[in-house]
Each structure stands twice: as structure tokens, then as C-alpha cells.
Amino acid sequence: MTQALAARMRIDDPDWHLTDEVEDVYAELRRDSPMFWYEPAQCWLVMKYADIKHASANPGIYSSAGGIHIRANLQPERDAVQLAGAQSIIRVDPPRHHELRRLVSRAFTPRLVRTFEDSISRIADEALDDVDPGEVNDFVDKVAVPIPMYVIADLLGVPREDRHLFKVWSDAMVRLADVRDADELAEIGRSTEQMVSYFRDMLAQRRVEPRNDLVTGLAEAEVSGLTLSEDDIVMLARTILVAGNETTRNLISGGVVALAQHPDERRRLIDHPDLMANAVEELLRWTTPVRVMGRTVTEATELGGQQLKAGEYVILVYPSANRDEDVWERPTTLDVGRTFDSMHLAFGYGQHACLGASLARMEARILFTKLLDRFPDFEIPAPPERLSSVLINGVVSLPFRARP
Ligand code: HEM
């Protein structure tokens with residue numbers, strides 16, 4: 001590990017992720033220093049697929065309770081905007097996590113997700129109808145933002161007229177990962193309070209008048225006599241809003257950028273629509289919308305040949321796992337027909353693996369199918385503006401022309 005390479009690593013700097021250097025630095029670390037102590041943020045960076053999988057599969061040793069963001073030192077301030085009495089499922093360890101997850105899985109079933117297929121299709125059609133074929137459109141604004149936002153609103157049971165509130169709340173929550181000062185944190189706190197009180201009112205209504213939505217399902221979920229409290233449900237609704245929105249948005253916009261940059265793969269997908277399910281997995285691997293998740297080591301252990309001490313913080317670097325040469329053939333080639341003997345880690349792995357994976361996959365499959373059907377010759381006439389964030393691999397705006 002040369003000093004020069006260490007100096008090039010700035011994983012906790014949001015702007016560093018916009019540079020061309022990232023993939024090279026990750027590749028060199030995988031080769032020379034797959035467990036890398038990153039002094040500025042006082043954490044281990046876990047670069048290899050197998051090691052990330054191992055840590056994710058052992059939540060007793062790799063705890064989520066101490067925080068999941070890269071700068072763990074800011075965690076106390078971030079926790080101040082959390083909800084008293086409940087913790088997001090993503091930050092809960094077993095055995096409580098196991099209980100929560102079983103209860104949520106009672107409500108958030110594949111069957112419930114399937115009932116939203118028509119509604120997703122309609123939402124995607126409406127978004128694509130909004131694209132002006134003769135003009136340069138902002139694809140993020142017109143398509144990638146509204147689809148996941150409205151899908152989650154529908155899933156939770158939020159009426160159309162309140163949907164604009166979702167964007168404000170979701171954006172505030174995502175900024176929490178990159179928050180820079182106390183004023184910004186206070187503003188995010190206010191937005192959170194508004195959201196929490198909205199969901200409390202909604203839950204009270206659903207208890208009186210059940211519907212086919214997730215809030216009703218969570219209110220009714222029961223496993224071995226256990227149920228979810230009001231705080232649990234409000235927190236879950238909030239987590240789902242945050243976790244399902246920005247992530248799916250950037251799979252969609254990042255996927256469009258990838259297909260624009262790889263015209264042969266786009267053509268292959270148009271000619272072989274049966275490859276779509278595969279293509280969605282490849283686009284997940286390629287874009288890896290969530291960059292990092294953190295864990296706190298609870299006891300002395302070994303990972304990737306490195307001794308770790310209790311209390312140390314590790315960061316799982318998903319984009320590195322998704323380019324790991326030991327797992328992927330031609331890892332830096334986009335291949336929509338790739339077969340997945342090993343699953344990518346874009347949705348994480350193990351007990352905390354993404355709860356909304358099937359919903360996100362369905363949204364992407366429906367949208368990309370319709371997009372290539374309606375606008376097969378789309379082009380990106382100017383470079384996209386990318387999001388400066390340590391957490392999300394995102395696109396802020398994406399010029400899109402339906403036909404050159
Ligand atoms: C492309 C879209 C998505 C990506 C890339 C993504 C990524 C992830 C990742 C990496 C984790 C693991 C966190 C960890 O191990 O600490 C996770 C967890 C989670 N995701 Fe997603 N997600 C996506 C979409 C969604 C959607 C649509 C929903 C809900 C509607 C959702 C809800 C959740 C929840 C609730 C968890 C926490 C699960 C737990 O802690 O047990 N996600 N997601």
C-alpha cells in the first residue's frame with residue numbers, strides 16, 4: 001500500500017465520487033489492501049465481495065446499531081432527528097431485528113407487490129407521456145423522480161394530492177447522510193417531524209378504515225402474538241419512503257445513462273426483450289445506487305486476513321464488491337446478458353438485505369421495457385449532472401432527447 005494511493009482515497013468526500021479516480025483506486029485497493037484502514041474517518045474499508053458478504057451475514061459481530069453512515073462521528077447529531085421510541089429497522093440488531101423483519105414480511109409480501117404491477121405500469125406511462133419528443137427533457141425530473149415516489153405513495157396508501165410532500169421529505173432524509181452543519185440538521189429535523197405526524201394521522205385512519213395498502217398491512221401484522229407499535233409503523237413507513245425512493249430513482253437514471261453509453265447493449269436488449277430481467281440485475285451491478293453501509297464490530301474478529309477489535313467501525317464498499325475480479329468475468333464490461341452465478345451486492349446481503357428489492361426490480365423492468373419500446377433511439381445530448389454524495393450514486397439532471 002503506497003502513500004500515494006492512500007492520499008488518493010477520499011471516500012468520505014462527496015465530491016471525490018464525481019471524479020474518474022474512484023474505480024481505479026478501488027481496484028488498486030482490492031489488489032493491494034483489501035481491508036484498508038482509512039484514517040480520516042477512522043474506519044476499515046472492506047473492498048472485497050466475499051468479505052462484505054461475510055460481514056453482512058453476521059450481524060451479531062457486525063452491528064448496525066452503532067450507525068450505518070460513513071462518518072460515524074456525526075451519528076449522535078443524526079440520531080437527534082430520529083424518532084424517540086423506535087429505531088429504523090436498518091439500524092436494529094438481532095434478536096429484535098428478526099422479530100421486526102418477520103412482522104414487516106407479513107405485510108410487505110410478494111403478493112402485495114404484485115398487486116401494484118398495473119399501478120406501476122400506469123405511473124410509468126404517465127411519466128413517459130410527459131416527455132416531449134421534440135425537446136431536450138430532464139429525464140430525472142420527468143421520469144426518474146416521479147416513478148418511485150408515486151409508487152411508494154401508492155404502496156403506503158398516500159393519496160395523489162399529498163404526493164408533492166414526499167419529495168421534500170425524501171430529499172431531506174437523503175441529505176442526512178451528507179449533512180454539513182447544525183442549521184441543515186435542524187431543517188431536516190423539522191421536515192422529519194412533519195412526516196412523522198402525517199403518518200401518525202394516516203395510521204389512525206387505517207385502523208378505522210382498512211385498505212389494500214402497506215400501512216394497513218403493518219397495522220394488522222401479527223406473528224406469535226407480537227404486533228407492531230404505532231412508533232414502529234411510523235418509523236417503517238418513513239424508512240420505506242427514504243430507502244425506496246432515491247435508490248430506485250438512481251437505478252432508473254443511472255440505467256438510462258448506461259444504456260446511452262453502450263448502444264450495442266441497448267440494441268441487444270431491444271432485439272431480445274427476454275433479456276430484460278437479466279439486464280435489470282446487470283444495471284443494478286453497474287450503477288450500485290447505494291455506495292456504502294457501515295457496521296460496528298462487537299467483538300475481536302478477523303476479516304479478510306485483518307484482525308479487528310471490538311468497537312472498530314467498518315464500511316462495506318458495495319461498488320467495489322460489484323467490480324471484484326474474483327467474482328465477475330469482465331467486471332468493467334456492461335453485459336445485459338450476463339448470467340449471475342453470484343448475485344451482485346447492490347441490495348446488500350443477509351439479514352438486512354433490501355426489503356424492497358422485488359418492488360425496485362419490478363419498477364425498473366416495467367420502465368425500461370416501456371422506454372425502449374417508445375423511445376428506442378433516445379439520446380443524451382449533454383453530460384448528466386451527477387449527485388455529490390458519499391451514500392448515493394445519483395444523477396441530479398439528465399438531458400434526454402427521445403429522437404435525435
Ligand atoms: C434500486 C433500488 C434499491 C437499492 C439499490 C436498495 C439498496 C438497499 C441496501 C444496500 C440495503 C441494505 C442495508 C444494510 O445492509 O445495512 C437496503 C435495505 C433496505 N431497503 Fe432497499 N434498496 C432499493 C430499493 C428499496 C425499495 C423500493 C424499498 C421499499 C419500498 C426499500 C426498502 C429497504 C428497507 C426497509 C431496508 C432495510 C432492511 C433491513 O434492515 O432489514 N429499498 N436497501
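Just follow the structure's listing: the first ligand is 1, and inside any ligand the first atom is 1.
- The closest approach between Ile68 and ligand 1 stays at or above 4.0 Å for every heavy atom of the residue.
- Below 4.0 Å from some heavy atom of Leu359 lie the following atoms of ligand 1, by number and element: 30 (C).
- Contact annotation: the side chain of Lys48 never approaches that of Lys53 to less than 4.5 Å [non-hydrogen atoms, C-beta and beyond].
- The shortest non-hydrogen separation linking Thr333 to Arg285 is O-NH2, 3.1 Å.
- Neither the backbone nor the side chain of Met362 comes within 4.0 Å of ligand 1, counting heavy atoms alone.
- Side chains of Gln194 and Trp169: a donor-acceptor N/O pair is present below 3.5 angstrom, by distance only.
- Residue, atom and distance of the protein heavy atom nearest to atom 5 (C) of ligand 1 are Ala346 O, 3.5 Å.
- Of all protein heavy atoms, the one lying nearest to atom 14 (C) of ligand 1 is Arg295 NH2, 3.4 Å.
- Counting heavy atoms under 4.0 Å from ligand 1, residue Tyr349 does not touch it at all.
- Residues Phe340 and Glu282 are in side-chain contact: their nearest non-hydrogen atoms beyond the backbone lie under 4.5 Å apart.
- Side-chain contact check for His17 versus Pro319: every heavy-atom pair is 4.5 Å or farther apart.
- Every residue two or more places apart in sequence or in another chain was checked for a ring-ring contact (aromatic ring centres under 6.0 Å, His included) with Tyr38, and none qualifies.
- Applying the salt bridge (charged side-chain N to carboxylate O under 4.0 Å, His left out) definition to pairs two or more places apart or across chains, those involving residues 290-311 are Lys309-Glu312.
- Donor-acceptor pairing under 3.5 Å is recorded for the side chains of Asp15 and Ser388.
- Taking every heavy atom of His97 and a limit of under 4.0 angstrom, the matching atoms of ligand 1 come to 39 (C), 40 (O), 41 (O).
- At least one test fails for Arg266 against the ring of Phe368: distance under 6.0 Å to the centre or angle within 45° of the axis.
- Heavy atoms of Met293 found under 4.0 angstrom from ligand 1 belong exclusively to the side chain.
- Between Ser64 and ligand 1, a contact under 3.5 Å exists for no N or O pair.
- When side chains are defined from C-beta on, Trp328 counts as touching Arg338, because their heavy atoms get closer than 4.5 Å.
- Between Leu303 and Tyr62, the closest side-chain pair of non-hydrogen atoms falls below 4.5 Å.
- Of the candidates His352, Arg361, Arg91, His352 brings a heavy atom nearest to atom 39 (C) of ligand 1.
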Margin query: What verdict does the side chain to side chain contact (heavy atoms under 4.5 Å, CB included) test give for Glu117 and Met362, after you've listed the backbone C-alpha separation in whole Å, the side-chain angles of each residue and the deciding distance to 0.1 Å?
Written below: CA-CA 8 Å; Glu117 181 150 11; Met362 192 194 280; 3.9 Å; yes
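- The ring pair (Phe, Tyr, Trp, His ring centres under 6.0 Å) analysis of residues 264-298, with sequence neighbours excluded, yields the pairs His262-Trp286.
- Scanning the protein heavy atoms around atom 30 (C) of ligand 1, the nearest turns out to be Ile240 CG2, 3.5 Å.
- Excluding waters, the set of protein N/O/S atoms under 2.8 Å from atom 21 (Fe) of ligand 1 reads Cys354 SG.
- For a threshold of 3.5 Å applied to N or O pairs, the pair formed by Glu363 and ligand 1 contains no separation below that value.
- Atoms of ligand 1 lying under 4.0 Å from any heavy atom of Gln351, numbered from 1 in the order shown and given with element: 41 (O).
- Annotation: Arg101 places an N or O atom under 3.5 Å from an N or O atom of ligand 1; distance criterion only.
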